[in-house]
Amino acid sequence: MTRLPIQPDVKSFYHLDGVDLGSVSCQGMACFAARHTAGDRWEQIEGRSPRVYCLGKCYAAPASGCDESQPVAIVHCRCPVVLERIACGGALTLEAYRTRGGLVALERALAQPAERVVAEVEASQLRGRGGAGFPTGKKWRIVASQNRSPKYIVANLDEGDPGAYVDRMIVELDPFSLLEGMAIAAHAVGAERGWIYVRCEYPRAVAMLRQAIVSAQNSESNGQGFLGTDLCFEVELVVGRGSYMCGEETAMLNAMEHQRPVARARPPYVAEQGLFGQPTVVNNAETLASIPWIIRHGEQQYAAIGLPGSRGTKVVSLNSLFQKPGLYEVEFGIPLREIVEECGGGLRRGSTMSGLIIGGPLAGVVPPTLLDTVFGFDELHKIGASVGHGGMVAFDQRTSIAQLVHHVFRFGAYESCGKCTPCRLGSTSIERMFTAAGEERPISGTGQQRFVEIIEALRLTSLCGFGTGLAEFAQSIMRHYSQELRACFK
Amino acid sequence: MLQVTINGQPVQCQPGQTILSGLRTVRVDVPTLCDDPRLAPVGACRLCVVEVDGQSRPVAACTTPLEPGMVIRTHTPELEECRRTLLRLLSQNYPVQAVERDPLSPFHRLVRTYGLEHELHGKSQAALVDDSHACIHVDMSQCISCFRCVRICHEVAGQDVWRAWNRGDRTEILPANQTNLRDSTCVSCGACVDTCPTGALADKSVLALGPVEHEIRTVCPYCGTGCEMHVGTRAGRLISSRPVMDAAVNKGHLCVKGRYGLEFVHAPDRITTPMIRQDGEWRSVSWGEAISFVAERLGQIVAEHGPDSVGILGSARATNEENYLAQKFARIVIGTNNVDCCARVCHAPTAAGMKMMLGTGAATNSFDDIELAKAILICGANPTENHPIVGARIKQAALRGTKLIVIDPRRIELAECAQIHLQLRPGTNIALLNAVACTIVEERLFDPAVVPEHIGDWAHFQTFVADFTPERVAEQCGVKAELIRAAARVYAENNPAMSIHGLGVTEHVQGTEGVMCLVNLALLTGNVGIPGAGVNPLRGQNNVQGSAHMGCDPGILTGSVPIAERAARFESAWGASLPMRPGLNLLKMIDAANKGEFKALWAMGYDLALTNPVAGATIRTLQGLELVIVQDMFLTETARLAGTVFLPVASSFEKDGTFMNSERRIQRVRKVIEPPRECRTDWRIICDVAEEVGRGTGFSFASAEEIWEEIRTVWPAGAGITYRRLEAAGIQWPCPTEDHPGTGILHKDIYAADEPPSLRRIRYSPTSETTGADYPFLLTTGRALYQFNAGTMTSRSQTQQLRPVDLLLICPADAQTLGIAEHQLVRISSHYGEATIRASISTQMRPGELFATFHSPDTFLNRVISSHRDRFVQTPEYKVTAVRVEPT
């Protein structure tokens with residue numbers, strides 16, 4: 001493992017290096033959807049440089065860096081897996097964590113052969129909560145089966161999808177659940193080092209993790225190892241410097257290696273050749289935070305929750321256009337309408353829902369007519385949407401489709417890593433196309449044809465999920481908002 | 001083999017291939033922009049996407065491995081439409097003029113293939129142009145973000161000059177210094193230009209003179225690495241060179257000299273007619289007059305003073321065939337063994353030392369062993385400047401984890417990526433290398449499979465080196481004992497370990513013995529005869545290995561065989577008797593001339609006035625000779641100061657033949673252009689003179705190949721090498737038969753031999769060249785990246801602009817004490833003479849030590865160099881001279 005100091009060219013990739021986050025204003029999608037509440041200020045916010053896409057305060061949009069308010073966290077299911085402690089104020093110290101059920105799972109896991117732990121996670125049918133929904137147990141098994149060492153556990157806390165603040169609240173209020181999940185993963189696959197990559201837009205999460213790591217590594221209650229057990233495991237915190245792209249796992253690994261954080265081509269897969277070329281588990285924070293519950297309560301119990309193909313619960317975060325914005329843990333299988341109407345209490349007075357964007361801007365939009373769709377990986381996929389990170393941003397009649405498309409591609413062009421042609425140039429082209437449309441001038445000439453061609457190139461040829469996500473968004477607009485879209489073109 | 005289906009056709013592919021390489025083997029062409037076989041695939045441009053059954057989306061052919069049973073479609077309408085869209089995106093702001101100017105660049109070709117040439121709307125933007133570099137034009141208006149320049153600068157050149165800045169569509173490619181290429185750390189290898197698919201990076205020569213019309217594959221005329229290149233011409237002029245992708249040594253890479261150092265061929269001061277000096281003035285004459293003058297004068301001198309009053313110097317810049325004829329001429333036409341070449345002043349100690357210990361005086365292994373070695377010991381060589389392709393390969397190996405040990409008085413570039421740098425005091429090689437051997441013995445780090453059973457003189461050697469403990473030699477070498485021990489451990493414990501050395505080992509009074517010390521280390525650790533190991537000299541000039549091996553050496557005949565042993569074979573082959581009196585090497589020729597016993601010198605491609613040590617005395621001696629025949633391209637210092645007759649020759653781009661590189665590889669040199677005006681090949685001139693003196697029978701050849709055919713008959717180890725075989729690739733000797741593949745690694749069975757190889761006890765007899773009150777500094781000399789030896793070629797090429805002057809490197813503390821500022825002109829003086837040179841303050845140097853280059857006649861640094869010589873082969877001690885420095 002060799003890591004040279006970060007070079008100036010690599011630094012130039014990031015846009016928040018050295019920026020005072022207390023003074024910034026967010027223009028992420030939830031803030032964009034609520035821009036009318038900012039009045040004249042919005043234009044100023046949008047003109048700012050560097051831009052900030054999502055501070056994870058979508059419940060108080062348009063958000064500012066100095067806003068210290070916290071969202072509600074409510075359990076809306078039979079069996080809370082993730083919000084169990086958080087809904088009751090969280091567990092900020094290792095002691096509090098232990099008294100509230102923490103570390104039982106780790107001790108149980110350590111008492112078992114590693115292979116058994118992998119098998120349990122497999123049997124739980126847990127799927128990754130970061131967006132791709134890859135079966136967690138399968139991922140662990142691949143890493144466990146690699147004959148090379150060292151192996152690494154990486155927790156992805158670069159929750160950049162505007163609209164999502166799930167992972168942020170997990171580590172701010174229940175950081176040890178993440179560390180316990182990482183420790184179990186380390187035991188399961190045979191890793192001795194872990195890394196947490198956390199975005200700098202979450203300063204409180206950074207502070208909580210720093211403290212938690214110190215107490216996890218210095219806990220002297222029982223063993224000399226991690227979290228007071230006998231496990232030999234060390235965790236390092238890496239704080240981002242401002243780049244949505246770093247949430248993409250291969251770009252994140254590059255960032256951690258101080259390389260330019262662009263997506264890597266797959267294969268090789270991260271499980272085989274990840275951080276510093278070594279076998280690596282990369283899991284999102286909510287995924288890892290679910291692990292202790294699974295080990296403690298047993299895989300069967302977890303697999304009994306939710307839907308076939310979408311087991312367990314998911315925490316969703318609702319934006320400020322809802323009557324009751326905040327975090328809700330729901331069981332897979334719940335209709336979207338129930339989340340919108342019962343959890344969120346519907347939209348605020350004066351807002352009529354034009355659509356629901358689940359899992360950030362790089363995903364399909366759910367039109368109001370499809371709110372009876374059941375919340376699940378496959379069910380959403382069928383209507384061109386996805387679970388994503390669980391952020392749910394409702395937008396209303398104040399946001400036209402042209403404005404929405406422009407906003408998403410403006411975001412896409414700003415955050416694209418620029419490595420592959422379709423994403424680097426396609427996102428900008430469409431942003432430019434819709435800059436005009438946003439001003440209510442139809443896009444001229446061959447615009448519509450070009451739009452379709454670029455979306456197709458993004459869908460079919462992008463290197464990573466960023467470009468294909470942009471295409472998914474655009475395709476869902478073409479599918480569900482064809483009339484509005486047509487109006488953008490001459 | 002692995003079976004896949006490509007566009008409906010079943011195809012057999014190699015496991016481990018990517019889809020793209022599979023497609024290429026069956027000649028299915030998918031467009032690519034970011035792919036380059038020299039680089040790890042990254043999948044950036046996305047043009048090579050193909051459909052694979054069972055995959056939800058197309059995959060990039062360049063990054064996806066082939067798997068058994070894959071069903072691949074490459075040109076569906078959907079894929080082609082995507083490609084057109086991607087190309088359109090790349091074209092939208094692309095300068096239209098660029099495509100018109102150079103319609104054949106890979107990107108421009110694709111733009112036209114996909115019918116997008118009318119959609120280009122951009123133009124070159126002044127802000128994106130960087131015209132600062134002497135050879136490379138940069139116009140990033142043409143950049144399409146394939147990142148090939150950034151990648152090749154990292155993955156091949158190992159320099160990391162080009163960097164990608166910012167992100168998204170604001171991505172910019174700029175040098176690491178963010179200003180311009182000239183002021184960056186660019187080593188001007190041109191790899192980025194070579195890989196650029198658009199012309200954003202371009203050779204200024206091509207921009208100025210127009211696109212290449214013809215290309216011919218040949219071998220670089222500079223160092224002994226033996227890089228193969230495609231030389232491009234337009235209207236009979238050399239305008240470009242590109243590396244050969246599948247070349248054995250350079251594998252698609254060239255250095256600055258091979259790439260931007262060829263203009264000398266067309267230099268205005270090139271001499272293109274024969275000349276005779278009359279009353280001090282040069283007079284152009286016909287070849288007829290020149291040849292008869294030479295024949296007549298040689299005849300007179302031989303008649304008057306005997307054949308041993310004449311000497312011939314072959315040329316490391318001439319072909320094997322020409323050197324072969326030069327020594328044949330000396331031996332059977334003149335009748336003397338007074339024949340030598342510039343190996344005398346560089347690696348003669350290597351040839352002698354290795355031959356004495358291992359039986360063959362040449363590299364034991366190949367450059368391909370660099371990638372196999374676990375550790376590499378680099379002693380007295382600065383490969384990144386003097387053998388840059390080898391240097392780049394070593395650097396890449398180091399970045400991948402190969403351990404480097406550098407032994408050098410200077411903190412050279414490779415020392416920066418080495419585990420251990422032994423920064424020894426110049427002249428202490430023997431003590432240091434013995435201390436390494438001592439550590440290996442004392443700490444029992446030797447190879448138990450070899451020591452003691454399969455090695456000679458073990459008992460004595462063990463006792464002998466015990467005196468050289470690192471602790472004892474540390475002070476005189478100026479290196480910490482613990483560091484010496486650590487180096488010994490790294491070398492001995494990482495098997496295989498390769499030893500690579502240069503003139504920092506050989507150009508000493510104990511040069512031959514220094515080489516023998518290196519062989520000791522290799523023998524002790526079992527590093528002889530196996531892949532990734534051995535003892536390997538980096539030969540300085542393109543054919544210096546060949547010129548001596550062909551017999552341009554007073555003591556040996558073609559194939560490096562002693563005259564006494566093999567005279568009979570040659571006498572029967574040549575139909576003439578051989579002189580059996582020992583010949584003079586070039587330094588002894590000068591000595592003999594001083595005694596009045598040597599009268600005439602024929603110097604082919606060798607500027608000894610400029611390059612011999614104690615230059616002042618050498619020049620006076622040359623001026624005293626009755627006849628000095630200079631056969632060269634330019635009026636060298638030897639010609640200018642002492643020449644009697646000048647015979648203008650063809651460059652290596654103007655003739656056919658072969659060169660032999662450092663690793664014993666014979667490669668074909670091909671005629672790219674016609675020689676200008678009256679210039680003739682060296683071999684033709686030798687034949688003409690032989691004919692003129694009535695000895696034409698053994699010298700009547702119609703082509704270089706005919707000469708080679710004769711060489712094969714007298715050199716058994718080269719007998720299997722034919723021009724026909726060389727068409728495909730170079731061959732390393734020994735290659736005794738035409739079905740023999742050549743030999744990459746020598747001495748495979750050496751430890752199993754009946755008489756096992758013997759260690760040598762090398763006593764340390766330090767040079768008498770020591771510092772004192774008058775001459776308090778030790779000066780060591782060498783070459784720099786942008787210049788080559790006497791500067792004959794580089795000073796007449798684009799390279800000259802990159803480093804116009806010789807420099808004296810001095811450490812900051814000494815510069816401060818002496819009040820010397822950067823680039824200030826200083827005087828260096830020694831017991832032998834003085835020179836003026838510009839100083840450069842460098843942290844590569846230690847206090848009390850200086851390093852200077854010797855490229856320019858304006859500096860004439862060799863006036864300062866001492867007269868000490870190696871005691872076995874008389875190689876001058878260029879590397880240690882006590883000097884004084886003072887500001888002028």
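Every value quoted in this text rests on a predicted model; they were computed, and no experiment measured them. Labels below follow one simple rule: chain letters A, B, ... track the order of the sequence lines, proteins then strands, and each chain is numbered from 1.
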**Asked** Which heavy atom of B:Arg163 sits nearest a heavy atom of A:Asp9, and at what distance?
**Response**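 In terms of heavy atoms, the two residues are closest at NH1-OD1, 2.8 Å.
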**Prompt:** Looking only at heavy atoms, what is the nearest atom pair of A:Leu425 and B:Leu89, with distance?
**Reply:**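 Closest pair (atom of A:Leu425, atom of B:Leu89, distance): CD1-O, 3.5 Å.
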Looking at side-chain heavy atoms only, is the closest gap between [X] and [Y] below 4.5 Å?
X	Y	answer
A:Glu431	B:Asp169	no
B:Leu90	A:Arg424	yes
A:Ser429	B:Gln92	yes

Please rank [options] by heavy-atom pairs under 4.5 Å with chain A and give me the top one.
options	value
B:Arg57, B:Arg83, B:Glu81	B:Arg57
B:Ile144, B:Thr63, B:Thr85	B:Thr85
B:Ser56, B:Gly43, B:Pro58	B:Pro58

Looking at [options], which has the largest count of heavy-atom pairs under 4.5 Å with chain B?
options	answer
A:Gly426, A:Cys420, A:Gly412	A:Cys420
A:Met245, A:Arg260, A:Glu415	A:Arg260
A:Gly418, A:Pro268, A:Ala263, A:Cys423	A:Gly418

Donor-acceptor contacts under 3.5 Å from residues 459-467 of chain A side chains, at least two apart:
from     : atom 1 : to       : atom 2 : distance (Å)
A:Arg459 : NE     : A:Glu456 : OE1    : 3.3
A:Arg459 : NH2    : A:Glu456 : OE2    : 2.8
A:Thr461 : OG1    : A:Ala457 : O      : 2.6
A:Ser462 : OG     : A:Leu458 : O      : 2.6

Hey, does the side chain of [X] reach the backbone of [Y] with a donor-acceptor pair shorter than 3.5 angstrom?
X	Y	result
B:Arg46	A:Pro422	no
B:Arg167	A:Lys419	no
B:Arg170	A:Tyr414	yes

**Asked** Do any of residues 151-160 of chain B have a heavy atom less than 4.5 Å from a heavy atom of chain A, and if so, which, in residue order?
**Response**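 If one takes a 4.5 Å heavy-atom cut-off, no residue of residues 151-160 of chain B lies near chain A.
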Chain A contact via [X] - side chain, backbone, both or neither, heavy atoms under 4.5 Å:
X	value
B:Val42	both
B:Arg84	neither
B:Ala60	neither

**Asked** More than 12 non-hydrogen atoms from neighbouring residues, nucleotides or ligands closer than 6.0 Å to CG on B:Asp53, yes or no?
**Response**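 Atom CG in B:Asp53 is crowded, with more than 12 foreign heavy atoms closer than 6.0 Å.
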**Message:** Taking NE2 in A:His258 as the centre, count heavy atoms belonging to other residues, nucleotides or ligands within less than 6.0 Å. Is the count above 12?
**Reply:**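 More than 12 heavy atoms, drawn from other residues, nucleotides or ligands, come within 6.0 Å of this atom.
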**Request:** Could you tell me which portion of A:Ser243 (side chain, backbone, both or neither) has an atom closer than 4.5 angstrom to a non-hydrogen atom of chain B?
**Result:**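 Backbone plus side chain of A:Ser243, per the 4.5 Å heavy-atom cut-off to chain B.
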